[in-house]
Enquirer: 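Got a structure for you, questions after.
For the numbers below, each heavy atom of this structure counts, side chains included, while hydrogens, waters and symmetry mates do not. Proteins get letters first, then strands, A, B, ... in listed order; numbering begins at 1 in each.
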Amino acid sequence: MDFLSGLNPPQQEAVRHVEGPLLILAGAGSGKTRVVTHRISNLICNHRVQPESILAVTFTNKAAGEMRARIGSLLGSLMPPGRGPRLATFHSFCVQLLRRDGSALAEWRPNLTRQFLIYDDDDQLAVIKGLYKQHSIDDKVLPARQALSAISAAKSGRDGASGLAKYDHTPLGKYVAALYEQYNEALIAANALDFDDLLLETARLLRSHEPTRRAWNDRLQFLMVDEYQDTNRTQYELVRMLSGNRNNVCVVGDEDQSIYSWRGADIRNILDFERDFPNAKVIRLEQNYRSTKNILEAASSVIANNTERKGKWLWTDSGSGPKITVYQAMDAENEALVIADQIEKGLRKNPGWRVAVLYRTNSQSRQIEEALRRYRRAYNIVGGLSFYQRAEIKDVMAYLKVIFVPSDPVSLLRIINTPARGIGKTTTDHIEQHAREHKITLWKAMGEMLEYRMLPGRAEVALRAFRHLIEELQAKAGDVPLQVLVSEILERTGYLRMLKEDRDPSAETRIENLNELLNAAAEAHARGDNAANFLDHAALVSDADGVDENSQVSLLTVHNAKGLEFPLVFLAGMEEGLFPHNRSKDSAAMMEEERRLCYVGMTRAEKELHISHAQTRRRWGGGPEEAAMRSRFIAEIPKELCDFQGLPPADAISGEMDQLGAEGEVDLFSERGYVRETVKWTQQRAKTPYPGKTYNSVENIAQFFKDRGLPPPGVPRSSAPAPAKAPPMPPAPRPPQAPVPIRPPVAQPPQPFSKPPVKRKSGGEGSTVNHPKYGRGTVVRKEGDGEDAKLTVMFPGHGLKKLIAKYAGIKIDE
DNA sequence: GGTTCGTTACTTTTT
DNA sequence: GTAACGAACC
């Protein structure tokens, strides 16, 4: 079978390459995913390579899934059913390997069993804070977060623990080294691995345990690594050891897109590849298939200011396309409104386009979200606080961990008094002290103290009841499906009751999140996952996994946009101090990374790129408006490629002024008042008065619309399982009068959402169902069939609910 | 022991 | 604008 057609010569060369090391320097948009998938297919189909003996490492789980799907469709029936290449991120591959062979590590890491827990960021922080408490270290002297990042840098960096030496001469020095030791000891004692450990311990296992290494070298014949420029030292070692003597290793990367040096990524891995793997073949992919000429030239001009690069100049066959608009807003609010306005205009012209708003910091999303909500435009936000990071979800997951691994101190302390059950600080302090003194786990200490009646009466009763509760759940755990266990946790621990009795409006959203968790557990069970897989999954999902292609508008950081493309891209907040970020101003190397980040952002755009910045911006809510200068990166774009718009820039070159308003149809010269007029009109049309209160947290979005008896505008947070697309809206009457534009031309307000096509079918989309709690609702979307079908149902007064037919106990009306 | 309220610091980027 | 913490109350 031919996997070469439609590819350019260097792409073909890469696909044809079989044995030996290969470095593919793939510029932005040069079709590298295509090359990788075609190459894997070629190996399987034409070179009789067993699919399982290929390991391809991607940057996100989502990228792995997409690659799997593409290879599947390339090979079709040629792929033996139920088989396929191994596709994973470094972290998830390491978890698989350690869950399988990790016991051998106990020789070097006492206590380690294959049932280890994965400690995420929160867990790590809890460990540090526990140590602080133990040693009475003041968090103000050395913020726990800072200690953690120092420890992580020491673990994953090139210098190892000696990297801590730089703290020696600081007031914190005496703590850091000790903390590093004790932190690691705590994890070892808890049979837990943090993200760094997953890589480090896998490397140690392969390095030190020959049978394991040999087995994996036999198992894996071909290795591929995507985004190689963002691998760290440990990942490099893993690549070396996994490739064995064969050196059938193919790495794909672009030094201009290296944006993770701050978490240990080492650009030398790609720069030195030819030295590390002698006889490596190098292939450059320099034809860009993604962007217009203008966008590509602008991005290339920016990145050309970096010195630390191999140097290349991408080219494209495509037309020049429109100029890049550079909009100067009065303030951040205006910037957000103008972006929302431009999204409406853009989507009216090109209804099928997917749109991304990219920014440097997550906190910038708030104002953009608010602007989009004013326009009633559904959006998908990636990152920020993800589903599995929410307190209520973490609480329930902590119960699961305690049930299966009662020795885990972090989880135990998290839930021992959540909901409040009379086990207070004094009691837990006692238990912790007892555990430390006798060098036993908290769980054991708890047992001993109960056995020997070492606690005051009230505390003892409470603690005994808690222990009993956990033991009962443990007894059940093995026998029931995961979702039943989760539901038992919610009921028996009183967690659900606690939320139901909570008058705080956010409690309701949290209950909804827990329902989502139940759904997720049911799905996991249906897939054949057990509790351990479920916990692994929760720890390893990444923000970028939450990108939803079905969503028309996505909000995300530039970091999360890596590897993605959108016809219409907004790059917001291009100001000195923000992008490039203030913290990167100290060193030239960090500034170059900011520039690479800017390059990544710009090259996401296929058709149109809109850059914006504000003259003033508040650093935080209550603070003052602070003057902001536009980013140096804007100045690095050739002026003839730009269309300068918005307020006359204070720092503008006079020639730019001529451009203002000259472009005719699309005019971005919207003062705040003008955009407000547009918004007002929009709201009249949609009959959704905007009360002036800011609904700035995700929880509040649902509330906002619920209060008004309206369906929510769309997907709230990406990481939560996504509800269906925008639900039907009541038809809006025409406004009495269009606003008098302060300046020409008028922005057309967005159209109200049209009703999705209704299929009349029993239990299908459009049919009515009856739910025991929510009453009658309309099925908006249906996935799957029979009793396993997943229904997204609109319940008037309760909003959108995603249900699994079998568990929800709903009746379908005919 | 639990809850409420006021103060504080906070914003890079994330597997 | 808000999350996290601690003091002061119940």
Side-chain angles (χ1 to χ4, degrees), chain A residues 57-63 88-95 118-121 124-125 129 138-140 143-145 148-149 152 156 193-199 227 230-232 234-235 258-265 358-367 370 382-386 389 391 417-428 456 458-459 462 498 502-504 506 539-546 556-562 573 577-585 590 593-594 596-598 600-601 617-623 693-700:
Chain A
V57 182
T58 56
F59 204 68
T60 62
N61 297 298
K62 191 163 194 304
T89 64
F90 269 110
H91 289 87
S92 61
F93 173 75
C94 288
V95 169
I118 302 169
Y119 271 13
D120 68 11
D121 204 54
Q124 292 176 287
L125 218 50
K129 287 190 175 159
D138 187 352
D139 189 76
K140 289 186 183 71
R145 200 147 268 299
L148 188 59
S149 65
S152 175
S156 65
L193 301 177
D194 64 20
F195 288 129
D196 296 323
D197 288 332
L198 292 176
L199 306 175
E227 308 284 5
D230 281 325
T231 52
N232 67 20
T234 319
Q235 289 164 333
S258 161
I259 55 176
Y260 281 102
S261 73
W262 51 272
R263 66 170 204 214
L358 309 181
Y359 36 79
R360 177 71 233 274
T361 64
N362 278 308
S363 56
Q364 286 168 260
S365 75
R366 213 194 75 244
Q367 281 178 307
E370 205 180 302
V382 181
L385 185 63
S386 81
Q389 284 172 320
N417 201 33
T418 314
R421 50 171 72 90
I423 307 171
K425 192 170 169 303
T426 326
T427 312
T428 52
R458 266 221 311 213
M498 170 184 78
D502 195 337
R503 293 182 315 283
D504 194 310
S506 73
L540 294 175
V541 281
S542 69
D543 284 344
D545 293 331
L556 61 169
T557 61
V558 184
H559 279 93
N560 271 327
K562 184 161 123 152
L578 188 58
F579 199 177
H581 199 274
N582 254 334
R583 303 230 180 162
S584 300
K585 283 194 168 157
M590 286 163 90
E593 180 145 316
E594 293 285 316
R596 290 192 292 270
L597 193 58
C598 177
V600 168
R617 183 180 295 273
R618 288 182 213 276
R619 221 165 340 166
W620 26 73
K693 178 175 182 221
T694 48
Y695 282 77
N696 34 21
S697 84
V698 184
E699 278 70 21
N700 288 340

Enquirer: Partners of A/R617 by side-chain hydrogen bond (donor to acceptor under 3.5 Å, both in side chains), sequence neighbours excluded?
Expert: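 Here the qualifying residues are A/E335, A/E575.
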
Enquirer: Tell me: CG of A/L148 to C1' of B/dT14, nearest whole Å?
Expert: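 After rounding, the reported distance stands at 12 Å.
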
Enquirer: Which residue, A/L540 or A/I423, contacts DNA chain B at a nucleotide closer to its 5' end, judged by nearest heavy atom?
Expert: A/I423

Enquirer: Within the structure, does a side-chain N or O atom of A/S363 lie under 4.0 Å from either OP1 or OP2 of B/dC10?
Expert: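 So the side chain of A/S363 is outside the cut-off, no N or O lying under 4.0 Å from OP1 or OP2 of B/dC10.
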
Enquirer: Taking atom P of B/dT14 as reference, at what distance in whole Å does atom CZ of A/R145 sit?
Expert: 12 Å

Enquirer: In whole angstrom, give the distance that lies between atom CG of A/L578 and atom P of B/dT13.
Expert: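 Atom CG in A/L578 sits about 10 Å away from atom P in B/dT13.
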
Enquirer: From C-beta outward on A/T361, which listed nucleotide comes closest to its side chain: B/dT13, B/dG2, B/dG1?
Expert: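 Nearest to the side chain of A/T361 among the choices is B/dT13.
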
Enquirer: Quick one: OH on A/Y260 to NE2 on A/H559, what's the gap to the nearest 0.5 Å?
Expert: 5.5 Å

Enquirer: With no hydrogens and no angle check, just 3.5 Å: does a side-chain donor-acceptor pair link A/D545 and A/S542?
Expert: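 Their side chains do contain a donor-acceptor pair, which is all the 3.5 Å distance test asks for.
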
Enquirer: By nearest atom, which of the nucleotides C/dC5, B/dT13, B/dG2 is closest to the A/K129 side chain?
Expert: C/dC5

Enquirer: Using a cut-off of less than 4.0 Å, is there contact between a side-chain N or O of A/N560 and OP1 or OP2 of B/dT14?
Expert: yes

Enquirer: In terms of side-chain heavy atoms of A/H91, which of B/dT14, B/dT15, B/dT3 is nearest?
Expert: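 Per side-chain heavy atoms of A/H91, the pick is B/dT15.
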
Enquirer: Counting any heavy atom closer than 4.0 Å, what does A/F579 reach on the DNA or RNA strands: base, sugar-phosphate only, or nothing?
Expert: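 The answer is nothing, as A/F579 stays clear of every strand by at least 4.0 Å.
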
Enquirer: Of the nucleotides B/dT15, B/dT11, B/dT14, which has the atom closest to the A/W620 side chain?
Expert: B/dT11

Enquirer: List the atom of A/T60, the atom of A/A544, and the distance in Å for their closest heavy-atom pair.
Expert: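 Nearest pair, atom of A/T60 first, then A/A544: CG2-CB, 3.6 Å.
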
Enquirer: Can you figure out which of B/dG2, B/dT13, B/dG1 approaches the side chain of A/H559 most closely?
Expert: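 Between B/dG2, B/dT13, B/dG1, the one nearest the side chain of A/H559 would be B/dT13.
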
Enquirer: Measure from CD1 on A/I259 to P on B/dT14 and round the result to the nearest Å.
Expert: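 Spelled out: CD1 on A/I259 to P on B/dT14 is 9 Å.
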
